[in-house]
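Because the structure is predicted, anything quoted here is derived from the model rather than measured. Chain letters run A, B, ... following the sequence lines, proteins first and then strands; every chain starts at 1.
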Protein chains: 2
Amino acid sequence: MPTSKDIARLAGVSQTTVSRVLLGKPNVREETRQKVLSVLDGTGYVANEQARAMRTRRTGTIGVVTGRITNPFYPELIDALGTAITGRGLRMTLWASDADSGERAAMEAMRGRLVDGVVFTAATKGSPPLAAALRANLPAVLIIRSLDGARCDQITSDNLTGGALAAEHFLARGRRDVAVIGGDDGVSTSRERRAGFLDRLREEGVEVPPEYVIDTDFSHDSAKSAARALFSEAGGPRALFCVNDVVAFGVLDAARERGVAIPRDAVVIGYDDVKMASWDLFDLTTLSQPVEQIAELGVAKLLSRLDDPTRPFEHHRFQPELRIRGSAP
Amino acid sequence: MPTSKDIARLAGVSQTTVSRVLLGKPNVREETRQKVLSVLDGTGYVANEQARAMRTRRTGTIGVVTGRITNPFYPELIDALGTAITGRGLRMTLWASDADSGERAAMEAMRGRLVDGVVFTAATKGSPPLAAALRANLPAVLIIRSLDGARCDQITSDNLTGGALAAEHFLARGRRDVAVIGGDDGVSTSRERRAGFLDRLREEGVEVPPEYVIDTDFSHDSAKSAARALFSEAGGPRALFCVNDVVAFGVLDAARERGVAIPRDAVVIGYDDVKMASWDLFDLTTLSQPVEQIAELGVAKLLSRLDDPTRPFEHHRFQPELRIRGSAP
DNA sequence: GTGAAAGCGCTAACAT
DNA sequence: ATGTTAGCGCTTTCAC
């Protein structure tokens, strides 16, 4: 594998000149440039990015930390982030794991200069490595999930409004037998979606009893068993707002198992509008958040911070939109 | 951000000794080691991996190339690869894109010494960058999809057997009104699954007419419209083998739309056994391939090749297992 | 057991 | 417009 020194020797110029040609610097005579380019062409030379990174202090790699990919929302997000990152000629290093091991690894990678910055998508209140990264002022951005007072840019859906829209949809159809399923107050999305939903209901005089504000993790199976309990209760709630689509899928599965017809016997709203939500078998009414835009803006903000670390931190919230489908017409 | 030189100065030793301690070399006096370690602890020093990689010629990063993540099988595979890679203290750089842009980028990254090797999961017959990578003897491994005569290790499911198992399941239930949906002969998985299925049927005297061997891409929507056409045909096939689960989901969706009851009016078998396949709404009979094992072995083979580039190439095939569920009991 | 010195392959400052 | 030189932060001989 040839080095720029080899190219220089073959072209009869200094190694510096080769570097100049490679970087497209202006101060090279056209004739010299051509000579170098032709040698370059012949050898199929590719610059050693490691060595380059060592001087420029830019690796051209962006880290991405997500939760476990069991939620189909994450693949779509990763896809969008991948597009935003590779579209800029950069690379994406991915950590997709439970717990905070991904955050820990990402922080190490930043400090070890293996990535220029990190996009965190699964921020949780009590994550020590994330807190440490932000405290150390390492270049990071939070998308999808936010953290109050985090020292970095944040891009999310306006989850409070999203929850309120779900509430309004139920109210407009005269439903008052509502419940919220899924949630963890350490996670901004579910906390805010829940709060927006409950607050809007309260404004209209509907108070949701605490036993119908159901904590479950974000998995299909937990949601399913929670809904199963709800459905076996005779006078229980039948207008269910789920904090995300996977939770909603679990609820739909429980409904099928229990012989609860959707939307006749119960109505369901999700959040995220993953691709599957529009499949006939689910046909899920849900709130959509613009994944591509969130990913794109997140990457853009991260890169702009690398250039200007002093820019004040921003929190951009995209408006969610209610997609009305068969599960809650 | 301190360097090993800073640590050396603070500890009153040479930079070399710091390096020795960091790498756990034996020839350091215990007393010296402790001194260095205590300074290390105090500063929160993290070695610059770039510089390290430049000397060792190992980056500690593995590239992964997948197709677009619209197929839920890929997230599960990425998850498994991530576990196999990060579990070894390495990092994963991911390219998930249509076409061969990911392969091209991965090849560049290998040549630019940004990754030690690459796991290709979406090999297609006519991919120039992949062909080039293999020709150049760059360290790579093919998993899930194979390529005849590729100069690298390959780990796949035994797709021929998988297809045969599906055929046997239909035959055992007396079904002869079969069709195969989804396929592209440039992709080993669908080519082999199809061939295994058709060959086994032929052995039992069942010849599938060519119009019931349906080429569609691997998307839910294409499969859905193909199945829609099939279901509107009166005497058409009603025992459908799909080359993967997403295709099967599309078929199930079409069935629902057309009022075709599963499994009463039609039976469906998929391939992959993605998590969703066991959800009540799908309840899909399918062939499972051991994703974790494939990922684990793929990474292991790749790493072992880095240590011994001369080892002969192997193709390991895992046996698929039929998971019988409601869609084809 | 420890340190000095060389060098991985680049880029950038400085000379000419 | 081009070349010389000095590192980036490590690991690895090679001396002692």
Exercise. Whole Å only: how far is the NZ atom of B/K35 from the P atom of C/dG1?
Worked result: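 These atoms are roughly 15 Å apart.
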
Problem set entry | Electrostatic pair A/E30-A/R33, nearest N-O below 4.0 angstrom |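 Salt bridge between A/E30 and A/R33, a charged N being under 4.0 Å from a carboxylate O: yes.
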
Exercise. Below 4.5 Å, heavy atoms only, C-beta onward: do A/V64 and A/V118 meet side chain to side chain?
Worked result: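 A/V64 does not reach A/V118 side chain to side chain.
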
Problem set entry | Short N-O contact, B/R311 and B/D308, less than 4.0 angstrom |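 B/D308 and B/R311: not salt-bridged.
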
Problem set entry | Spacing of B/M54 atom CE relative to C/dT11 atom P, expressed in whole Å |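 Atom-to-atom, B/M54 to C/dT11, this comes out as 10 Å.
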
Problem set entry | B/T121: which of B/V65, B/L142, B/L81 passes side chain to side chain contact (heavy atoms under 4.5 Å, CB included) |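 For B/T121, the side chain to side chain contact (heavy atoms under 4.5 Å, CB included) test succeeds with only one of B/V65, B/L142, B/L81, which is B/L81.
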
Exercise. Please give, in whole Å, the distance from C/dG7 C1' to A/Q15 CD?
Worked result: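 Rounded to whole Å, this separation is 14 Å.
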
Exercise. Using a heavy-atom cut-off of 4.0 Å to chain B, what are the terminal contacting nucleotides of DNA chain D, in 5' to 3' order?
Worked result: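 Going 5' to 3' along DNA chain D, contacts run D/dG9 to D/dT12.
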
Exercise. When A/V291 is tested against each of A/I143, A/I78, A/D79, A/L77 for side chain to side chain contact (heavy atoms under 4.5 Å, CB included), which residue passes?
Worked result: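 Among the candidates, only A/L77 passes.
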
Exercise. Between the side-chain atoms of B/R55 and the base atoms of C/dG7, is any donor-acceptor pair under 3.5 Å?
Worked result: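 A donor-acceptor contact between them is present.
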
Problem set entry | Atom pair CG/CE of B/L138 and A/M1 - distance to nearest 0.5 Å |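 Going from the CG atom of B/L138 to the CE atom of A/M1 covers 6.0 Å.
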
Problem set entry | Phosphate OP1/OP2 of C/dC10: any A/Y45 side-chain N/O under 4.0 Å |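 Yes.
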
Problem set entry | DNA chain D: 5'-proximal contact among B/T3 and A/S14 (nearest heavy atom) |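 The residue mapped nearer the 5' terminus is A/S14.
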
Problem set entry | Spacing between B/L114 atom CG and C/dG9 atom P, to the nearest angstrom |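 In whole Å, C/dG9 P lies 14 Å from B/L114 CG.
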
Exercise. Just checking A/N27: base, sugar-phosphate only, or nothing, at a heavy-atom cut-off of under 4.0 Å?
Worked result: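 Counting heavy atoms under 4.0 Å across all strands, the contact made by A/N27 includes a base.
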
Exercise. Heavy atom of residues 16-26 of chain B under 4.0 Å from DNA chain D: which residues?
Worked result: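 Residues of residues 16-26 of chain B that come under 4.0 Å of DNA chain D are, in numerical order, B/T16, B/S19, B/L23, B/K25.
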
For this session: State whether B/E296 and B/K301 are salt-bridged, where the test is any N-O pair (Lys NZ or Arg NE/NH1/NH2 against Asp/Glu carboxylate O) under 4.0 Å.
Result: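 A salt bridge is absent here (no side-chain N lies under 4.0 Å from a carboxylate O).
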
Problem set entry | Which residue lies more 5' along DNA chain C, comparing A/P2 with B/G12 via nearest heavy atoms |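 Its nucleotide being nearer the 5' end, the pick is B/G12.
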
Problem set entry | Sugar-phosphate, base or nothing in reach of A/Q50, heavy atoms under 4.0 Å |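 Answer is nothing: A/Q50 stays at 4.0 Å or more from every strand.
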
Exercise. Can you name the one residue among B/V36, B/V18, B/V21 that meets side chain to side chain contact (heavy atoms under 4.5 Å, CB included) with B/V28?
Worked result: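 Result for side chain to side chain contact (heavy atoms under 4.5 Å, CB included) with B/V28: B/V21.
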
Exercise. How many Å lie between CZ on A/R52 and C1' on C/dC8, as a whole number?
Worked result: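 Result: 16 Å.
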
Exercise. Given atom CZ of A/R58 and atom C1' of C/dC10, what is their separation to the nearest angstrom?
Worked result: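 Computing the A/R58:CZ to C/dC10:C1' distance gives 17 Å.
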
Exercise. In terms of side-chain geometry, is the basic nitrogen of B/R305 or B/D116 positioned less than 4.0 Å from the acidic oxygen of its partner?
Worked result: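 No, B/R305 and B/D116 are not salt-bridged.
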
